[in-house]
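Reading through the structure tokens given below for one structure.
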Amino acid sequence: MDFAEFYEQSRAGCLRAVYASVGDRQQAEELVSEAFARAWAGWRRVGRHPAPQAWIVRTALNTHVSWWRRRRHEVAWTGQDPAETRSDGPVDEQMMALLRALPDRQRQVVALRIFLDLDTRATAEALGIAPGTVKAHLSRATATLREQLAPLIEQETAA
Amino acid sequence: MIQETDDDVFAPVRDSFAGVDLDTPLDSVIGRGRRVRRRRRTLAGAATMGVAAVAAVALAVPSATAPATPAAGATAHSGPAGHAAVHIQLAGWSMQSNANGTVTLTFHDFTDLPQLRQALAQAGIHAVVQDEFPTCGPGAPGVHQLPTGNAVTVSIDQSTYTVTETINPAALPAGSVLRLAGVQLNNTRLAIRKADGQVEQLPVIGVQTALYSGQPAADQCDQDSTIQAFFGPTSAS
């Protein structure tokens, strides 16, 4: 697969996974674009990765740790939180609130499972954690989401 | 694969993100990728300069900063056992040996990397310095990340965009390797208000610090145990 084809096929899924993980659309676009640029620069190697889309998400999330810390500084310095003045996109706010309420790791694990359909091993490799930890996080996240989503689903069904 | 029993939970989440797509044009991504590649080639070229480059650094560092002789105004003392005290002041960073054996490394920018490597070695710190953000590829066999503990502490002065690392060579585990990696987010801009009131958008720059049990692969990483600190944009960017 060449890079252009990979980009076309993977960009939406990677963005959704990172967006769900970091909770901010603009940040997610920035991080994923940067990760794809790095993938292009090293495509001879990244293209042979067993799950290159997982590589993209891992790179984006790894970058996010730094960006998040820097952004806190930026917010304090400018006295303005960009998140307060910007719409995050088309995702339902209630859904985003549910995802944001999950602990970071649970949110990342569930995002990789839902949007990239990664299995336990690939998720573990992408996040640099043990497969058993992935299973535990996924189980807890799924249980929490099921509990929280039930009223929303009932509402929609009733409507 | 997703278990059918969980799809009652996952499907609504997936559906709610159905309208989310990345708008960045392929050409833009490739343009950024070219910049990454150019930087890598520049580094690779610098590495192949080998002995000539090292000799040049060996000349440049003492002449600029007198690492074997304390800088003017500094207290005379020796560095870690078997190593000279280091006192270097460059535009991007400075390094000072302290009387208690620790070394203070202060970053304003991640530049002059050959000199940084030389200075770290001179201070008795086994380190690799790279201008590339580790992208989490396969690690070097048998090499794992270590907690930095008291061996390396990092602080950020948010009023001056300064990152200060205090390294205690004596506390570094035997055989360990400290890695300092530059981070630049080319498309993440920080709004800086200048003295004249104008706002300028500049790329965000920082340094990632990690300790390994041996020589790490360039892409080796573990985001849970890595210190990442940004000193912000530089005027040269």
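Just so we're on the same page: letters track the sequence lines, and every chain starts at 1.
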Legend entry - Selection from G33(B), A18(B), A11(B) maximising heavy-atom pairs under 4.5 Å formed with chain A: G33(B)
Legend entry - Interchain contact, L98(A) with chain B, by part (heavy-atom threshold 4.5 Å): neither
Inset, instruction - Identify the heavy atoms of P12(B) and M95(A) that sit nearest to each other, and give their distance. - result: O-CE, 3.5 Å
Legend entry - Heavy-atom proximity to chain B below 4.5 Å, by part of A39(A): neither
Inset, instruction - Could you tell me which non-hydrogen atom of R25(A) sits nearest to which non-hydrogen atom of D21(B), and how far apart they are? - result: NH2-O, 3.2 Å
Inset, instruction - For residues L26(B) and A4(A), report the shortest heavy-atom separation together with the two atoms involved. - result: CD2-CB, 3.6 Å
Legend entry - Residue part contacting chain B, namely of V46(A), when any heavy atom lies under 4.5 Å: neither
Inset, instruction - For the residue pair L22(B) and S33(A), establish whether any side-chain heavy-atom pair is separated by less than 4.5 Å. - result: yes
Inset, instruction - First locate atom CZ of F10(B), then atom CG of D117(A), and finally report the distance between them rounded to the nearest 0.5 Å. - result: 10.0 Å
Legend entry - F17(B) side chain near L99(A) side chain, heavy-atom distance below 4.5 Å: yes
Inset, instruction - Just do the side chain to side chain contact (heavy atoms under 4.5 Å, CB included) check on L149(A) and D8(B) with the steps written out, would you? - result: CA-CA 10 Å; L149(A) 280 171; D8(B) 61 319; over 6 Å; no
Legend entry - Side-chain heavy-atom pair V32(A), T24(B) within 4.5 angstrom cut-off: no
Legend entry - CG (N150(B)) with more than 12 external heavy atoms under 6.0 Å: no
Inset, instruction - May I ask you to test the R32(B)-F36(A) pair for a side-chain heavy-atom distance under 4.5 Å? - result: no
